[in-house]
Amino acid sequence: MKYITYLILVGLCLSACEKQNIKPYGQDHYIQFTKLYTDTVNYSFFFTVEDQIAVPLEIKLIGELLTEDTPIRLVVNQEESTAPAALYDLPETVVFAKGQTKDTITVYLKRGGIAEGDQNVYSVVLDIMDGDQLLVGETNYSRRVVLVSNIVGKPGWWDSDVDKTLGTYTLKKFNKFKEVTEVGDLTGWSWNAKRIIALQFKNYLRQYEPEYTDEDGSIMWKNLPVMGS
């Protein structure tokens with residue numbers, strides 16, 4: 001019995017010694033994305049008239065606040081990615097700003113990297129790696145996947161609210177809307193801003209192309225439900 005008690009005491013002492021070697025919370029800094037690696041983001045150049053798309057990816061800090069802007073080691077996983085290098089661009093220097101718990105990494109997608117008519121969906125796989133000062137947080141939050149294409153389809157922002165201004169979605173209407181307004185994405189727009197640009201589109205058609213028809217042969221401007229002048 002004394003021998004067993006002795007072993008228990010030795011074990012407790014060893015455990016205490018090991019605990020003393022553990023760095024206290026906050027001595028190291030960890031960063032990770034705020035969304036899981038399975039939460040992919042999708043972009044199509046079909047929905048925009050811009051030659052470049054800015055993709056914001058939120059990251060967060062685990063540990064004490066940084067006292068100075070600190071470099072982040074962000075890399076494109078070449079083995080997992082299918083996008084050609086001409087399709088994306090990462091800033092030369094990526095940092096986590098001092099004094100805050102969250103920041104944003106911006107990656108850029110470039111229209112010139114994908115041929116018109118190409119219907120493939122390409123992936124850009126981004127990994128946060130251990131750096132000199134910032135370490136990787138949870139594994140499931142250390143990677144983001146960005147999908148990019150030219151695929152034609154109804155944009156996600158064309159919802160029931162947009163139906164109240166622009167009416168039912170058709171590809172011909174959407175292409176004409178982009179041509180006239182030079183806007184292809186209403187994500188984040190307020191209801192009033194959506195109403196105003198829809199009204200501008202309607203007034204343009206009524207004044208300059210009053211006979212322009214939709215896919216079903218009907219006069220397009222007459223089928224835009226937005227009201228006003």
Side-chain angles (χ1 to χ4, degrees), residues 15 17-48 50 52-111 113-114 118-151 153-159 185 187-188:
S15 176
C17 291
E18 290 176 357
K19 288 182 179 179
Q20 288 178 354
N21 291 328
I22 296 175
K23 295 179 181 180
Y25 178 80
Q27 185 170 333
D28 285 335
H29 297 92
Y30 299 86
I31 57 167
Q32 61 189 52
F33 292 109
T34 56
K35 294 186 178 180
L36 281 167
Y37 75 95
T38 53
D39 188 5
T40 58
V41 288
N42 294 269
Y43 290 88
S44 173
F45 278 103
F46 170 74
F47 299 131
T48 181
E50 303 297 330
Q52 181 171 275
I53 299 174
V55 181
L57 301 172
E58 189 179 53
I59 53 176
K60 71 177 181 179
L61 175 72
I62 301 174
E64 294 182 355
L65 296 181
L66 298 169
T67 57
E68 59 183 16
D69 293 348
T70 306
I72 297 170
R73 190 180 171 202
L74 179 72
V75 301
V76 175
N77 189 316
Q78 300 292 346
E79 293 184 358
E80 298 291 337
S81 300
T82 61
L87 189 51
Y88 59 85
D89 186 30
L90 269 66
E92 291 186 7
T93 303
V94 182
V95 300
F96 198 104
K98 64 181 179 181
Q100 57 189 49
T101 59
K102 291 184 178 181
D103 205 344
T104 300
I105 294 173
T106 302
V107 179
Y108 297 92
L109 304 176
K110 299 186 289 185
R111 186 188 296 275
I114 186 170
D118 185 344
Q119 292 297 289
N120 291 308
V121 178
Y122 296 99
S123 62
V124 182
V125 181
L126 301 165
D127 288 335
I128 295 175
M129 308 291 287
D130 284 338
D132 293 335
Q133 302 175 66
L134 295 176
L135 305 177
V136 180
E138 297 180 60
T139 302
N140 289 340
Y141 291 86
S142 66
R143 169 176 291 182
R144 291 302 306 275
V145 179
V146 179
L147 302 180
V148 58
S149 69
N150 269 332
I151 291 179
K154 180 181 178 180
W157 54 261
W158 196 305
D159 54 19
D185 189 352
T187 301

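The structure places CZ of Arg144 at 9.0 Å from OG1 of Thr38, a figure rounded to the nearest 0.5 Å. Atom CG of Leu134 sits about 5.0 Å away from atom CD1 of Ile31, to the nearest 0.5 Å. Taking CG of Leu36 as the start and OG1 of Thr40 as the end, the distance is 11.5 Å to the nearest 0.5 Å. Rounding to the nearest 0.5 Å gives a distance of 10.0 Å between CZ of Arg143 and CZ of Phe33. Expressed to the nearest 0.5 Å, how far CZ of Phe47 lies from CD1 of Ile53 amounts to 10.0 Å. Taken from NZ in Lys60 to OG1 in Thr101, the straight-line distance is 9.0 Å, to the nearest 0.5 Å.
Contact annotation: the side chain of Leu74 approaches that of Ile105 to within less than 4.5 Å [non-hydrogen atoms, C-beta and beyond]. Counting heavy atoms from C-beta on, the side chains of Leu66 and Leu61 come closer than 4.5 Å. At a threshold of 4.5 Å between non-hydrogen side-chain atoms, the residues Val124 and Tyr88 count as touching. Residues Lys98 and Thr67 have side chains not in contact (no heavy-atom distance under 4.5 Å, counting atoms from C-beta outward). Considering only heavy atoms from C-beta on, Val145 stays 4.5 Å or farther from Glu80 through its side chain. Counting heavy atoms from C-beta on, the side chains of Asn42 and Val148 never come closer than 4.5 Å. By the 4.5 Å heavy-atom criterion applied to side chains, Asp89 and Val107 are not counted as neighbours. Residues Val76 and Val125 form no side-chain contact, since every pair of their non-hydrogen atoms from C-beta on lies 4.5 Å or further apart.
More than 12 heavy atoms of other residues, nucleotides or ligands sit less than 6.0 Å from atom NZ of Lys110. More than 12 non-hydrogen atoms from other residues, nucleotides or ligands lie less than 6.0 angstrom from NZ of Lys154. Shown here is Phe46, whose CZ atom has more than 12 heavy atoms of other residues, nucleotides or ligands within 6.0 Å.
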Assess whether side chain to side chain contact (heavy atoms under 4.5 Å, CB included) is satisfied between Lys102 and Glu58, documenting all intermediate values. CA-CA 7 Å; Lys102 291 184 178 181; Glu58 189 179 53; 3.6 Å; yes
Would you sort out whether Leu109 and Val55 count as a side chain to side chain contact (heavy atoms under 4.5 Å, CB included), showing the intermediate values? CA-CA 7 Å; Leu109 304 176; Val55 181; 3.8 Å; yes
Going through the checks in order, is the side chain to side chain contact (heavy atoms under 4.5 Å, CB included) test met by Val95 and Ile72? CA-CA 5 Å; Val95 300; Ile72 297 170; 5.6 Å; no
Take Asn140 and Tyr37 through the side chain to side chain contact (heavy atoms under 4.5 Å, CB included) test and state the conclusion after the steps. CA-CA 6 Å; Asn140 289 340; Tyr37 75 95; 3.8 Å; yes
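In summary, the side chains of Ser123 and Thr82 do present a donor paired with an acceptor at a separation below 3.5 Å, with no hydrogens or angles considered. Side-chain contact, Asn77 with Asp127: a donor N or O sits under 3.5 Å from an acceptor N or O. Side-chain atoms of Gln32 and Ser142 form no donor-acceptor pair, as typed in the model, at a separation below 3.5 Å.
Nearest heavy atom pair, residue Met129 against residue Val75, reads CG-CG2, 3.7 Å. When every heavy atom of Thr70 is checked against every heavy atom of Glu68, the shortest pair comes out as OG1-O, 2.8 Å. The minimum heavy-atom distance between Pro84 and Gly113, with the atom names listed, is CG-O, 3.7 Å. Of all heavy-atom pairs between Leu126 and Leu57, the closest is CD1-CD1, 3.5 Å. When every heavy atom of Tyr30 is checked against every heavy atom of Val136, the shortest pair comes out as CD2-O, 3.3 Å. In plain terms, the two heavy atoms of Ile114 and Phe45 that are nearest each other are CG2-CD1, 4.1 Å.
When atom types are taken as modelled, the side chain of His29 and the backbone of Ile62 share no donor-acceptor pair closer than 3.5 angstrom. No donor-acceptor pair closer than 3.5 Å links the side chain of Glu50 to the backbone N or O of Gln52. Between the side chain of Asn120 and the backbone N or O of Tyr122 there is no donor-acceptor pair closer than 3.5 Å.
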